[in-house]
Asker: 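Sharing a structure with you now.
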Amino acid sequence: MTLLGSATAVAATSCASHTSDAQPSGATPPDAYELSGDVDGYTTTLTLLGTAAGPIAVPGRSGASSVLVVGDRPYLVDAGPWSSRKLIQAGISADSLGGVFVTHMHSDHIADLVNVFWLVGGTPSYRARGVVPVYGPGSAGALPTPRAGKTIPVRNPLTPAPGLSQLFTGVLDAYAYDINIRNAEKGAGTDYNRMLSLHDVLPPDSSGASAENTAPEMEPFPVFEDDRVRVTATLVPHGPVYPSLAYRFDTEDGAVTFSGDTAKSPTLVRLAQGSDILVHEVIDVDFYAATSGPALVEHMIQAHTTAQDVGRVATDADVRQVVALPHRAGRPPAGHRRPVGAWREVHVRRCRDRRARSGPDRRRAAAVAARLHLARCCRPEKA
């Protein structure tokens with residue numbers, strides 16, 4: 001195994017604003033971005049396509065989505081709103097993906113999931129080069145009891161909790177006319193049944209997990225393996241959402257763990273143990289206290305992780321770096337601003353302390369973190 005000095009984390013930041021999509025050859029495309037990290041010479045890179053949270057559209061921000069590139073093979077984790085465009089802007093084609101991994105079935109993590117394949121599949125010259133495996137939560141089987149026992153409207157009562165495979169099938173069926181008419185126009189077909197290999201991820205029966213027991217104590221379980229990565233998963237507590245998954249990617253350069261949305265979780269600590277990079281969500285409780293009522297604040301605390309608890313998880317799991325994804329929906333109220341340093345305090349200090357203890361031959365790529373737009377906190381060092 002090579003040192004994770006050959007891996008780095010980078011973030012997407014806007015670099016241009018344009019009024020028209022019509023651009024001369026060689027011009028910066030609209031809504032393009034630059035990578036804030038130096039990736040030259042690295043064999044494993046982590047790119048954050050978006051970090052916006054919740055079902056609320058936020059101008060200038062894209063929903064939760066990350067790409068881990070191992071060698072020349074990219075793996076997509078979640079596909080929130082506008083991530084399909086960010087993926088293209090990162091120079092990654094849908095059919096080059098080594099796999100797609102969905103943490104849970106909330107809209108800010110799946111809104112662009114089908115678009116990643118559907119939008120490119122309709123172009124006249126497109127021909128899929130291979131099968132892309134897609135992994136995500138299987139059906140919850142049933143809905144949990146509504147809060148306070150209230151009666152709620154239920155969409156599709158015969159199948160109220162579809163999993164990943166049912167999601168793809170239902171959405172593509174709804175788009176049948178577009179898919180079929182474009183295939184007729186081309187005289188050749190984009191066959192999504194051959195383009196995609198869909199896999200519902202559920203925990204082992206022995207875990208005792210269910211829609212009413214969403215994240216019991218359990219050991220990580222295998223999900224996927226190829227010649228570049230080995231992916232394992234565990235359940236994490238995210239309010240009533242089930243299954244809500246965290247994923248660990250083991251590569252020759254080291255291990256990267258993605259928390260998904262979760263409260264502080266011992267199962268995540270077990271999964272992330274010894275990881276070189278932990279990509280973990282984090283909430284700003286003060287933001288929600290200033291913009292919402294006490295019920296939502298309590299929900300956010302129960303379903304997400306504070307900055308202090310992210311630090312505790314990182315310490316308990318003995319991870320080397322943390323990439324914190326600020327889980328904030330909507331715009332902050334006037335006058336509300338959390339200094340970048342407040343977000344960096346837990347994991348940047350950890351990064352520096354670890355480097356001081358580890359010596360030059362074990363220095364790792366630095367964590368990246370900020371409040372809304374991610375930025376490097378330390379410069380990566382070559383081993």
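What you see below is based on every heavy atom in this structure, not just the backbone, and it leaves out hydrogens, waters and symmetry mates.
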Asker: Does a side chain donor of either Ser65 or Asp112 reach within less than 3.5 Å of an acceptor in the other side chain?
Answerer: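 Ser65 vs Asp112: no donor-acceptor pair found between side chains.
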Asker: Quick one: sort the Phe249 and Phe258 rings into parallel, tilted or perpendicular, breaks at 30° and 60°.
Answerer: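 Aromatic pair Phe249/Phe258 classed perpendicular.
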Asker: Do Thr159 side-chain atoms and Pro162 backbone N/O form a donor-acceptor pair below 3.5 Å?
Answerer: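 It does not hold such a pair.
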Asker: Got a salt bridge between Asp253 and Arg228, using NZ or NE/NH1/NH2 to carboxylate O under 4.0 Å?
Answerer: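 Here Asp253 does not pair with Arg228 in a salt bridge, since their nearest N and O are not under 4.0 Å apart.
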Asker: Take a 6.0 Å sphere around CG of Asp205 and say whether it holds more than 12 heavy atoms from other residues, nucleotides or ligands.
Answerer: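 Counting neighbours around CG of Asp205, 12 or fewer heavy atoms of other residues, nucleotides or ligands fall under 6.0 Å, so no.
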Asker: Measure from the side-chain N and O atoms of Ser259 to the backbone N and O of Glu281, and report whether any donor-acceptor pair falls under 3.5 Å.
Answerer: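 Flag set: sc Ser259 to bb Glu281 pair under 3.5 Å.
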Asker: Are Leu97 and Phe117 packed together at the side-chain level, in the sense that at least one heavy-atom pair is separated by less than 4.5 angstrom?
Answerer: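 Of all side-chain heavy-atom pairs linking Phe117 with Leu97, at least one is under 4.5 Å.
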Asker: Taking C-beta and beyond as the side chain, do Leu68 and Val77 meet within less than 4.5 Å on heavy atoms?
Answerer: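 Heavy-atom side-chain distance check fails, nothing below 4.5 Å.
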Asker: Which other residues belong to the hydrophobic cluster containing Val241, where Ile, Leu, Val, Met, Phe, Trp and Tyr are joined when side-chain heavy atoms lie under 4.5 Å apart, directly or via other members?
Answerer: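 Its cluster mates, by chain and number: none.
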Asker: Is the backbone N or O of Tyr242 less than 3.5 Å from a side-chain atom of Thr214, with the two atoms forming a donor-acceptor pair by type?
Answerer: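 Not a single qualifying donor-acceptor pair exists.
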Asker: For Pro144, which residues count as a side chain to side chain contact (heavy atoms under 4.5 Å, CB included) partner, sequence neighbours excluded?
Answerer: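 Only Glu212, Pro240 meet the side chain to side chain contact (heavy atoms under 4.5 Å, CB included) criterion with Pro144.
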Asker: Between Arg320 and Gly274, is there a donor-acceptor pair closer than 3.5 Å when you use the side chain of the first and the backbone of the second?
Answerer: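 Yes; at least one donor-acceptor contact below 3.5 Å.
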Asker: Look at the side chain of His238 and the backbone N and O of Ala303, then say whether any donor-acceptor pair between them is shorter than 3.5 Å.
Answerer: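 Such a contact is found between His238 side chain and Ala303 backbone.
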Asker: Can you see whether Asp261 engages His106 through a side-chain donor-acceptor pair at a distance of less than 3.5 angstrom?
Answerer: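 Note: Asp261 and His106 side chains miss the donor-acceptor criterion.
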Asker: Between Val120 and Ala94, which heavy-atom pair has the shortest distance, and what is it?
Answerer: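 Looking at all heavy atoms of both residues, the shortest contact is CG2-CB, 4.0 Å.
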Asker: Do Phe224 and Tyr135 have their ring centres less than 6.0 Å from each other?
Answerer: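 Judged by ring-centre distance (under 6.0 Å), Phe224 and Tyr135 do meet the cut-off.
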Asker: Is there a side-chain contact between Asp227 and Arg73 (heavy atoms, below 4.5 Å)?
Answerer: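 The answer is yes, as the side chains (C-beta and beyond) meet within the 4.5 Å cut-off.
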Asker: May I ask you to test the Met300-Val297 pair for a side-chain heavy-atom distance under 4.5 Å?
Answerer: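 No, side chains not in contact.
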